[in-house]
Amino acid sequence: MSDSQVTIKLTSDEALVLEKLQMTDLSRVVDDPAVWAPIHRIAGTLDKALPELFAPDYDQRLEAARHRLRPED
């Protein structure tokens, strides 16, 4: 087993949208429970790094980030 680490860089929009995954029923999204631990670890890190989560206009910020990340048709 290797103990090397991987660094992931995200934009603030990507981080905000990805953090929402933590609140999802992961068993419906990911069929392998082994994947849940790293997903929760990433989401836990995002919780600490995103002051937007506690902003009164969080819902609007999240929707704006989703809009910016969606591919244009």
Side-chain angles (χ1 to χ4, degrees):
M1 176 182 275
S2 173
D3 63 349
S4 63
Q5 295 186 0
V6 174
T7 301
I8 300 171
K9 292 186 179 189
L10 301 169
T11 67
S12 55
D13 281 350
E14 291 167 335
L16 192 59
V17 171
L18 183 61
E19 194 282 332
K20 191 73 170 171
L21 179 64
Q22 178 175 302
M23 296 179 205
T24 312
D25 179 4
L26 292 178
S27 64
R28 294 185 328 160
V29 178
V30 178
D31 64 354
D32 182 356
V35 178
W36 300 353
I39 289 174
H40 282 300
R41 184 171 179 180
I42 291 168
T45 301
L46 295 175
D47 282 349
K48 297 173 190 163
L50 293 171
E52 295 93 338
L53 296 176
F54 306 103
D57 62 343
Y58 165 75
D59 290 333
Q60 291 84 7
R61 290 177 187 222
L62 177 60
E63 189 53 41
R66 287 177 171 163
H67 179 73
R68 287 188 293 268
L69 290 172
R70 288 187 186 114
E72 294 183 27
D73 292 336

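Excluded from the calculations below are hydrogen atoms, water molecules and symmetry mates; all remaining heavy atoms, backbone and side chain alike, are included.
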Can you tell me how far the OG1 atom of Thr45 sits from the CG atom of Leu10, to the nearest 0.5 Å?
10.5 Å

Reported CD1-to-CD1 distance for the pair Ile8 and Ile42, which is rounded to 0.5 angstrom:
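With rounding to 0.5 Å, CD1 (Ile8) is 4.5 Å from CD1 (Ile42).
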
Looking at every non-hydrogen atom in both residues, tell me the closest pair between [X] and [Y] and how far apart they are.
X: Ala49; Y: Pro51; result: O-CD, 3.3 Å
X: Val17; Y: Leu69; result: CG2-CD1, 3.7 Å
X: Tyr58; Y: Glu19; result: OH-OE1, 4.2 Å
X: Ala15; Y: Leu50; result: O-CD1, 3.6 Å

What residues, two or more places apart in sequence or in another chain, satisfy side-chain hydrogen bond (donor to acceptor under 3.5 Å, both in side chains) together with Asp57?
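Result, side-chain hydrogen bond (donor to acceptor under 3.5 Å, both in side chains) vs Asp57: Arg61.
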
Under the salt bridge (charged side-chain N to carboxylate O under 4.0 Å, His left out) test, residues paired with Arg70 that sit two or more places apart:
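Once residues adjacent in sequence are excluded, the partners of Arg70 under the salt bridge (charged side-chain N to carboxylate O under 4.0 Å, His left out) criterion are Glu63.
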
Quick one: list whatever passes side chain to side chain contact (heavy atoms under 4.5 Å, CB included) with Thr11, sequence neighbours left out.
Asp13, Glu14

Under the side chain to side chain contact (heavy atoms under 4.5 Å, CB included) criterion, do Leu16 and Leu53 qualify, and how do the steps go?
CA-CA 8 Å; Leu16 192 59; Leu53 296 176; 4.0 Å; yes

